[in-house]
Q: 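Dumping the structure here so I can ask a few things about it.
A note on names: the letters A, B, ... follow the listed sequences, proteins ahead of strands, and every chain is numbered from 1. Keep in mind the model is a prediction, meaning the values are calculated, not measured.
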2 protein chains.
Amino acid sequence: MNGRFAISMHILTLLTKANGDWVTSDFIAGSININPVLVRKEISNLRKKGLVVSREGKNGGTMLAKPASQIRVSDVFLATNQGTVLGNARNSPNPDCPVGRQINRHLDSLYQEAEEALVRNLGTSTLDDFVHRFD
Amino acid sequence: MNGRFAISMHILTLLTKANGDWVTSDFIAGSININPVLVRKEISNLRKKGLVVSREGKNGGTMLAKPASQIRVSDVFLATNQGTVLGNARNSPNPDCPVGRQINRHLDSLYQEAEEALVRNLGTSTLDDFVHRFD
DNA sequence: AAATCTGTAACTAATAATATTACAGTAATG
DNA sequence: CATTACTGTAATATTATTAGTTACAGATTT
């Protein structure tokens, strides 16, 4: 797992607080304290997922594509999460062993169910709810 | 996240199927298809958590410390999982930004709630249930 | 005493995550 | 229409994490 979910939440929080203004990747990068290119990459992903819109050129930037109350935290999770949260399973168990032959299949279904529970939980709050936690 | 949970589940599945026999780390390593030292490292952790017991010397090995029906999958998760599942947050946001100053605290509580949901889900099945999925 | 295990430490290799550089493209503005 | 201030993205470099290996001491059975 990497820090992409945290970065995306940070970006979206700033955009929510900007309240309709275009926010630059440099400003965002300054708040997260990471390289602006990483911010733009992450914004590029959020844009593909329909969560934000960007404008190029001078006075350009990014803003939310829809009200923060219509973005669930789980949407952000699903937008940034590439694989499973429980492990990346780059193993290749022994196919000659009855356990090795089947385990990945069983683990996968276990992972899937658990991840669904996690996503359900994240689906109970919106970006707006999250931003309200801030002073 | 790494593959430690998968490795531990694999180890414990083999121990369950061994049904009270001592199982060697070499045999386990052969099924998982990884280095025996990694297996012993992982077993060392499971032993500390009270899930398995080991015996040194010839004819030694490892077995379950208690019946598979008394080990919940969440026990294994909690035994192998070091930090959070949602990200490793090795960022250090700008303390001069109102959002940067607070975000890690708010993300942490979000993570915690979500992870609790995940653990609750993993707590609904035992190692025995898992092993029963195999043919 | 020999054989067969575990238990670790120390080190190396591979992979993944993050950061950086560079530069083309777009739009506003004087 | 040149300048400025942005986005977008590719290519590369660096750092961190994970996995694998070697080496060897200690335990226990036979």
Q: Want to settle it: does B/Pro36 or A/Thr62 sit nearer the 5' end of DNA chain D, counting the closest nucleotide to each?
A: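 With B/Pro36 and A/Thr62 compared, the 5'-side residue is A/Thr62.
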Q: Taking atom P of C/dT8 as reference, at what distance in whole Å does atom CG of B/Asn45 sit?
A: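 From B/Asn45 CG to C/dT8 P: 11 Å.
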Q: Do the side chains of B/Ile28 and B/Ile43 get nearer than 4.5 Å, heavy atoms only?
A: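 In short, these two side chains touch, coming nearer than 4.5 Å.
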Q: Go through D/dA11, D/dT22, C/dA10 for me and flag the one nearest to the B/Val37 side chain.
A: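 Out of D/dA11, D/dT22, C/dA10, the nucleotide with an atom closest to B/Val37's side chain is D/dT22.
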Q: Could you give the CD1-to-P distance, from A/Ile43 to D/dC6, as a whole number of Å?
A: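 It is 13 Å, rounded to the nearest whole Å.
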Q: Mind checking if A/Asn35 touches a base, just sugar-phosphate, or nothing, with heavy atoms under 4.0 Å?
A: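 Base, at least one base heavy atom under 4.0 Å.
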Q: CD of A/Glu42 versus C1' of C/dA17: gap in Å, rounded?
A: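 Spelled out: CD on A/Glu42 to C1' on C/dA17 is 12 Å.
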Q: Once you round it to whole Å, what is the distance between P of C/dG7 and CH2 of B/Trp22?
A: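 So the CH2-P distance, B/Trp22 to C/dG7, works out to 10 Å.
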Q: Considering only side-chain heavy atoms of B/Lys41, which listed nucleotide, D/dT21, C/dA19, C/dT29, is closest?
A: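 Among the listed nucleotides, the one closest to the side chain of B/Lys41 is D/dT21.
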Q: Given atom CZ of B/Phe27 and atom C1' of C/dT6, what is their separation to the nearest angstrom?
A: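 Interatomic distance, CZ of B/Phe27 to C1' of C/dT6: 17 Å.
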Q: Let's go through B/Leu14 and B/Lys17 carefully: what are the C-alpha distance in whole Å and the side-chain angles of both, what is the deciding distance for side chain to side chain contact (heavy atoms under 4.5 Å, CB included) to 0.1 Å, and is it a yes or a no?
A: CA-CA 5 Å; B/Leu14 291 172; B/Lys17 285 194 168 276; 5.8 Å; no
Q: Calculate the interatomic distance between B/Arg55 atom CZ and C/dC5 atom P; express it in whole Å.
A: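 These atoms are roughly 11 Å apart.
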Q: Could you tell me whether the side chain of A/Phe27 reaches within less than 4.5 Å of the side chain of A/Thr62, counting heavy atoms only?
A: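 Answer no - side chains too far apart.
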Q: Could you check how far CG of A/Asn59 sits from C1' of D/dT3, rounded to whole Å?
A: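 Rounding to the nearest Å, CG of A/Asn59 and C1' of D/dT3 are 14 Å apart.
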Q: Side chain of B/Thr24 only, heavy atoms from C-beta on: which candidate in C/dA19, D/dG8, C/dC5 is closest?
A: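 Of the options given, the side chain of B/Thr24 lies nearest C/dC5.
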Q: Could you tell me how the ring of A/His106 sits relative to the ring of B/Phe130: parallel (under 30°), tilted (30 to 60°) or perpendicular (over 60°)?
A: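 Perpendicular, since the angle between the ring planes exceeds 60°.
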Q: Nearest of C/dA28, D/dT7, C/dT18 to any side-chain atom of A/Arg47?
A: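 Nearest to the side-chain atoms of A/Arg47, counting from C-beta on, is D/dT7.
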Q: Select one nucleotide: of C/dT20, D/dA23, D/dT28, the one nearest the side-chain heavy atoms of B/Lys58.
A: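 My answer, after comparing the listed nucleotides, is D/dT28.
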Q: Where the side chain of A/Arg40 is defined as all heavy atoms beyond and including C-beta, which of C/dT6, D/dA19, D/dT7 is the nearest nucleotide?
A: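 Nucleotide nearest to A/Arg40's side chain: D/dT7.
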Q: Which is true for B/Ser25 with a 4.0 Å heavy-atom rule: it touches a base, it touches only sugar-phosphate, or it touches nothing?
A: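 Counting heavy atoms under 4.0 Å across all strands, the contact made by B/Ser25 is with sugar-phosphate only.
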Q: How close or far is atom C1' of C/dA13 from atom CG of B/Leu38, stated in whole angstroms?
A: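 Taking CG of B/Leu38 and C1' of C/dA13, I get 13 Å after rounding.
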Q: Would you say A/Asp128 and A/Pro67 make side-chain contact, with heavy atoms under 4.5 Å?
A: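 SC-SC contact between A/Asp128 and A/Pro67 ruled out.
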Q: What nucleotide, of C/dG25, C/dA10, C/dT18, holds the atom closest to the side chain of A/Glu56?
A: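 In terms of side-chain proximity for A/Glu56, the closest of C/dG25, C/dA10, C/dT18 is C/dG25.
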